[in-house]
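Accompanying notes for the structure given below.
Values below: all heavy atoms of this structure, side chains included; hydrogens, waters and symmetry mates excluded.
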Amino acid sequence: MTAAHSAPDAVMAEDERFMAAALALGRRNLGVCAPSPSVGALIVRDGVLVGRGVTSKGGRPHAERNAIDQAGPAAAGATLYVTLEPCFHQGRGPPCAQAVAAAGIARVVSAIEDPDERVAGRGHALLREAGVEVVVGIGARAARRDHCGHILRVTQGRPMVTLKLARTADGYAAGDEHDPRLAITGEAANLRVQVMRAMHDAIMVGAGTALGDDPLLTVRLPGAEAFRPLRVVLDARLRLSPRSRLGATARDFPTLAIATDAAPAERAAALEAVGVSVERVAADREGHVDLGAALRALGRRGVTRVFSEGGPGVGSALIAQGLADEVILFTAQKPLGRTGLPALDRFALSALDDRACYAEAEIAHFGSDEMRDFQRLERLE
């Protein structure tokens, strides 16, 4: 290989390496930045990292500003690696693209263009007009995955949905209606689920899960007390009791019940009296909460990432309606050994096995439990 060819290859390799690091940095604040995306930014000068930033909790300041502040004068002439196009619109301060140019940064490597209509290429254009070299596309696939919630909210009005389900070795999520609640997965898998909860803005269940399991839906990890995702119950007729664990803790942890017009006003009033917020949306043909309408309602609230632990009915419906963007399926080694409630219906299982619908992104083991991660192909395009 000649020197003429090796130099561009070396630059590309360095760009990919620093972009991978920026993406890893950006993932740190998933779940605490909504409605802003959790962006990672690195400033590199002569191969040396001089500044780094991630979108702050609550969404401000943005990653680029944090990185510029850390780099100080060393930002002049440096390269900025950023996982999403620098913003163009006016917020509490001037646009990030303007701040990047003012800092004297010579080159910007941006993973993807921001589809937000307030940005949509104009941040990159501003930089180019200021004489900054702009490279777009390195790390794009990973960035689209990390920023899926932001992308879907600004283009479709809904957050992204991660569906998590656990099943026995023979495919059941529960026994029959008279069986006690199954403890399917072990401690290692359960801890992994807690980490996943912390990386989302909301945790969503159906009314059946809320009534049958009486869950708390909080992040139970040491040092994670600040992570308080919105707890969401899809409850068409507002059957959730104010005395449930969700109702009893609603003043300490944000809780939302999404109902239909069929829900009695007195039940709404009883839940609101203990601190549960109630929102009504359209019903589907079976009288259940319309999932698309519920997700759009969450999008209007600024939610970008939803972790659904809603059980087999909600899970199968999310997959059937093309709303499950990521499916995390835990499988235990031990079978139920008798007829129970299937974790997913046949249509949902066939969709996960259809490589035109989902790609299997990862297989991992947590203790004796297997985890399979499926990514919906349409949202990765």
Is a side-chain N or O of Glu85 found less than 3.5 angstrom from the main chain of Asp114, in a donor-acceptor match?
yes
ask   = Where the side chain of Asp201 meets the backbone of Val303, is there a donor-acceptor pair that is under 3.5 Å apart?
value = no
If two hydrophobic side chains count as joined below 4.5 Å and joins carry through other members, does Leu217 share a cluster with Leu256? no
Interatomic distance, CE@Met160 vs CG@Asp325, rounded to 0.5 Å, equals 5.5 Å
Practice item. In plain terms, say whether Glu279 and Arg300 are close enough for a salt bridge, that is, a side-chain N and a carboxylate O under 4.0 Å apart. Key: yes
Keeping the roles fixed (side chain from Thr55, backbone from Pro37), state whether a donor-acceptor pair exists under 3.5 Å.
yes
Nearest heavy-atom approach of Arg107 to Val135 is NH2-CG2, 4.0 Å
Output for pair (Cys96 SG, Arg65 CZ), nearest 0.5 Å, gives 5.0 Å
Check whether any side-chain N or O of Arg145 sits under 3.5 Å from a backbone N or O of Arg141 as a donor-acceptor pair, and report yes or no. no
Connected to Leu221, directly or through other members, by ILVMFWY side-chain contacts below 4.5 Å are Leu30, Val32, Leu191, Val195, Met199, Val219, Phe227
- Item | SB check Glu360 Arg372 (cutoff 4.0 Å) | yes
- Task: Taking Asp213 for its side chain and Pro215 for its backbone only, find out whether a donor-acceptor pair lies under 3.5 Å.
- Result: no
If hydrophobic clusters are built by linking Ile, Leu, Val, Met, Phe, Trp and Tyr wherever their side-chain heavy atoms come under 4.5 Å apart, do Tyr358 and Leu163 end up in the same one?
yes
Here the gap from Leu291 atom CG to Gln321 atom CD, rounded to the nearest 0.5 Å, amounts to 5.0 Å
Here the pair of heavy atoms bringing Ala67 nearest to Gly53 is CB-N, 3.7 Å
**Electrostatic pair Arg376:Asp354 at N-O distance under 4.0 angstrom** = no
Could you tell me whether a side-chain N or O of Asp235 sits under 3.5 Å from a main-chain N or O of Arg239, the two making a donor and an acceptor?
-> yes
With sequence neighbours left out, the residues meeting side chain to side chain contact (heavy atoms under 4.5 Å, CB included) with Ala140 are Ile112, Arg144
Residues 293-312 vs ring-ring contact (aromatic ring centres under 6.0 Å, His included), sequence neighbours excluded, gives His200-Phe307
With sequence neighbours left out, the residues meeting side chain to side chain contact (heavy atoms under 4.5 Å, CB included) with Thr185 are Ala166, Ala189, Asn190, Phe330, Asp369
Arg305 (side chain) donor-acceptor with Val161 (main chain) under 3.5 angstrom = no
Correct closest heavy-atom pair for Leu246 and Leu216 would be CD2-O, 3.7 Å
Test item: Ser56 side-chain N/O and Gly59 main-chain N/O as donor-acceptor pair under 3.5 Å | no
Taken to the nearest 0.5 Å, the spacing of Thr162 OG1 from Ile203 CD1 works out to 11.5 Å
Subject >> Note, Leu127 side chain near Pro86 side chain (heavy atom, < 4.5 Å) >> reply: yes
Any donor-acceptor pair under 3.5 Å from Thr255 side chain to Phe253 backbone: yes
Residue pairs meeting ring-ring contact (aromatic ring centres under 6.0 Å, His included), one or both in residues 30-87, sequence neighbours left out, come to Phe18-Tyr81
| said: Just checking Arg346: does its CZ atom have more than 12 heavy atoms from other residues, nucleotides or ligands closer to it than 6.0 angstrom? | reply: no
Practice problem: Verify the neighbour count for atom CG of Asp46: are there more than 12 heavy atoms of other residues, nucleotides or ligands below 6.0 Å? | Solution: no
Check your understanding: Does the side chain of Glu64 come under 3.5 Å of the side chain of Asn66 through a donor N or O and an acceptor N or O?
Key -> no
_Is it true that, when you exclude Gln333 itself, more than 12 heavy atoms of the residues, nucleotides or ligands shown sit nearer than 6.0 Å to its CD?_
no
Throw together a table of side-chain donor-acceptor distances under 3.5 angstrom for residues 259-273, partners on residues two or more places apart or in other chains.
residue : atom : partner : partner atom : Å
Thr260  : OG1  : Ala236  : O            : 3.2
Thr260  : OG1  : Ala262  : N            : 3.2
Arg267  : NH1  : Arg237  : O            : 3.0

Would a distance-only check, ignoring hydrogens and angles, find a side-chain to backbone donor-acceptor pair under 3.5 Å from Thr304 to Pro35?
-> no
Note: Ala173 and Ile184 closest approach over all heavy atoms is O-CD1, 3.4 Å
| NZ/NE/NH1/NH2 to OD/OE distance under 4.0 Å, Glu133 and Arg128 | no
